[in-house]
Novice: 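Would you mind keeping the following structure in view while I ask a few things?
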Protein chains: 2
Amino acid sequence: MDERALLLLGILMAQSQHGYQINEFIDKNLSRVTDMKKSTAYATLDRLCEAGYVEMHQEQEGNRPLRKVYAITPTGTEHFLALLRTNLAKVDPLNFASDIGMMFLDHLPCEESLSLLEERLRHLESEIRLYESAPRHGFGLGVDFAMEHHLVHQKADYQWLQSVIERLQTRKDV
Amino acid sequence: MDERALLLLGILMAQSQHGYQINEFIDKNLSRVTDMKKSTAYATLDRLCEAGYVEMHQEQEGNRPLRKVYAITPTGTEHFLALLRTNLAKVDPLNFASDIGMMFLDHLPCEESLSLLEERLRHLESEIRLYESAPRHGFGLGVDFAMEHHLVHQKADYQWLQSVIERLQTRKDV
DNA sequence: TTCAAATTAGTCATCGTTGACTATTTGCCT
DNA sequence: AGGCAAATAGTCAACGATGACTAATTTGAA
């Protein structure tokens with residue numbers, strides 16, 4: 001949750017923007033870094049306003065609908081830096097939904113488990129290829145680091161899954 | 001959310017249990033596999049009851065407080081298997097909170113970023129050691145797979161972070 | 001025996017997240 | 001000129017997750 005705030009404050013550090021603009025930016029450039037949805041962004045911006053970290057005013061351009069323009073305040077800047085420091089020094093908690101399935105492997109016939117895991121392996125492979133072929137548009141060093149990070153984990157996952165499948169196969173043959 | 005249900009149904013596949021027992025099991029044996037909290041388990045069990053996947057009845061032993069005993073139904077067993085199949089074939093979505101910090105690295109003086117990342121590296125190292133020295137109690141193959149999985153990712157993360165730090169250091173020297 | 005701490009068992013208000021929805025404007029094709 | 005799709009801008013009800021809380025019972029030590 002703190003990282004949502006960090007992201008929004010960080011975006012506003014570059015320049016004041018209205019909600020739609022912020023969400024568009026996230027959608028088009030950061031969809032591989034965060035899964036935050038539009039409504040979450042608006043809600044989080046509201047909270048940041050209440051906390052005094054962000055200021056909002058309405059604007060109207062031509063006869064387009066009203067826009068809410070958000071700007072970071074001095075207190076907000078301080079808070080941003082505090083969140084950033086914490087974030088950089090913190091190890092992210094790793095939790096894999098798929099581990100829960102692994103625990104119950106033996107409730108399925110061995111061949112079925114294997115074919116399901118092989119399906120997963122194929123999906124993972126195509127995701128990796130997708131990431132590798134993604135344009136290095138380089139919206140700053142950071143996004144590239146994030147991509148790299150993602151890929152490293154995906155590849156580690158791939159190798160691990162492969163070894164699991166191998167071990168299950170030999171166990172089946174025995 | 002589906003994995004919460006999968007976990008609870010899977011536990012009930014072994015035997016009917018009361019809420020406290022379930023939560024104790026998760027706490028003592030699966031805290032490294034899931035971060036589900038007590039209240040979430042109770043709430044999820046309620047939902048599983050409403051859906052007809054689980055049946056609940058109250059029991060009283062001696063003059064201890066009432067207990068809610070949960071048992072999986074035939075429909076529940078089917079649902080469990082369906083969730084399991086989906087879970088095994090699915091790639092887990094990877095999202096690192098720390099990537100958001102990486103994007104804003106340049107808002108801090110380079111030395112500070114570096115020392116924060118180094119702190120993270122140390123934390124990660126000690127977490128890895130903790131995992132490596134954890135007892136292989138082996139509550140089934142599954143938990144061991146999950147541990148292994150975790151470790152693989154932690155180590156990949158460690159190496160990546162190390163290389164990031166190195167690159168930032170050379171960049172600083174230039 | 002008595003008092004504090006731990007264990008047992010679960011509830012609830014609150015908060016964060018999101019899918020689905022509303023409503024207007026602009027661009028484009030025919 | 002008419003009409004449909006896409007872009008623009010945001011709202012809201014509903015749901016999932018959880019920290020904090022209640023309350024009784026058992027255990028252990030002084």
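Please read all numbers here as calculations on a predicted model, not as lab measurements. Reminder, nothing fancy here: chain letters follow the sequence lines and each chain counts from 1.
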Novice: Which of these nucleotides, D/dG19, C/dG10, D/dG16, is closest to any side-chain atom of B/Arg47?
Specialist: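 Nearest listed nucleotide: D/dG16.
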
Novice: For the side chain of B/Ser39, starting at C-beta, report the closest nucleotide among C/dA9, D/dG10, C/dC12.
Specialist: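 Closest of the options to the side chain of B/Ser39: C/dC12.
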
Novice: In whole angstrom, what separates B/Lys28's NZ from C/dA6's C1'?
Specialist: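 These atoms are roughly 11 Å apart.
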
Novice: So, under a plain 3.5 Å distance rule, would you say the side chain of B/Lys38 forms a donor-acceptor pair with the base of C/dG10?
Specialist: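 Answer is yes: a donor-acceptor pair is held.
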
Novice: If each of A/Leu66 and B/Arg4 is mapped to the nucleotide of DNA chain D with the nearest heavy atom, which maps nearer the 5' terminus, i.e. the 5' end?
Specialist: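 So the residue in question is A/Leu66.
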
Novice: Of all the choices, D/dG16, D/dT11, C/dG10, which nucleotide is nearest to the side chain of B/Tyr42 once you look at every atom?
Specialist: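 Nearest nucleotide to the side chain: C/dG10.
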
Novice: To the nearest Å, give me how far apart CE (A/Met36) and P (C/dT17) are.
Specialist: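 After rounding, the reported distance stands at 9 Å.
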
Novice: If you check every side-chain atom of A/His18, which of C/dT11, D/dA9, D/dG16 has the closest atom?
Specialist: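 Selected nucleotide: D/dA9.
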
Novice: Would you say that more than 12 heavy atoms from the other residues, nucleotides or ligands in this model lie under 6.0 Å from the CD of B/Glu55, or not?
Specialist: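 No, not enclosed.
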
Novice: Between atom CE in A/Met1 and atom P in D/dG19, what is the gap in whole Å?
Specialist: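 Atom CE in A/Met1 sits about 14 Å away from atom P in D/dG19.
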
Novice: Between D/dA9, D/dT18, C/dG16, which one does the side chain of A/Arg67 approach most closely?
Specialist: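 The answer is D/dA9, which lies nearest to the side chain.
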
Novice: Provide, to the nearest angstrom, the distance between the CG atom belonging to B/Asn23 and the C1' atom belonging to D/dT18.
Specialist: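 Going from B/Asn23 (CG) to D/dT18 (C1'), I get 12 Å.
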
Novice: Measure from the side chain of B/Tyr20, starting at C-beta and using heavy atoms only, and say which of C/dG16, C/dT7, C/dT11 lies closest.
Specialist: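 Side chain of B/Tyr20 sits closest to C/dT7.
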
Novice: When you measure from the side chain of B/Thr44, which nucleotide among C/dT17, D/dA17, C/dT8 comes out closest?
Specialist: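 Ranking C/dT17, D/dA17, C/dT8 by closest atom to the B/Thr44 side chain puts D/dA17 first.
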
Novice: Is the shortest side-chain heavy-atom distance between B/Gln154 and A/Val91 below 4.5 Å?
Specialist: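 Answer no - side chains too far apart.
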
Novice: Rounded to whole angstroms, how far apart are CG on B/Leu8 and P on D/dG16?
Specialist: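 One finds 14 Å between P of D/dG16 and CG of B/Leu8, rounded.
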
Novice: Taking the inter-plane angle between the rings of A/His79 and A/Tyr53 on a 0 to 90° scale, is it parallel (under 30°), tilted (30 to 60°) or perpendicular (over 60°)?
Specialist: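 Because their plane-to-plane angle is under 30°, the rings of A/His79 and A/Tyr53 count as parallel.
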
Novice: Between the base of D/dG16 and the side chain of B/Thr40, is one N or O donor paired with an acceptor at under 3.5 angstrom?
Specialist: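 Flag unset: no donor-acceptor pair detected.
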
Novice: Side chain of A/Glu24: nearest nucleotide among D/dT8, C/dT18, D/dA17?
Specialist: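 Output: D/dT8.
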
Novice: Can you measure A/Asp27 atom CG to C/dT18 atom P for me and round it to whole angstrom units?
Specialist: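 Going from CG in A/Asp27 over to P in C/dT18 covers 13 Å.
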
Novice: Take the protein atom NZ of B/Lys37 and the nucleotide atom C1' of C/dC12, then report the distance between them rounded to whole Å.
Specialist: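 Taking atom C1' of C/dC12 as the reference, NZ of B/Lys37 is at 18 Å.
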
Novice: Would you kindly give the CZ-to-C1' distance between B/Phe25 and C/dT8, to the nearest whole Å?
Specialist: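 Going from B/Phe25 (CZ) to C/dT8 (C1'), I get 19 Å.
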
Novice: Check the orientation of A/His150 and B/Phe96. Use parallel for under 30°, tilted for 30 to 60°, and perpendicular for over 60°.
Specialist: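 It falls in the perpendicular class, over 60°.
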
Novice: Is the gap between the ring centers of B/His18 and B/Tyr70 under 6.0 Å?
Specialist: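 Ring centres of B/Tyr70 and B/His18 not closer than 6.0 Å.
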
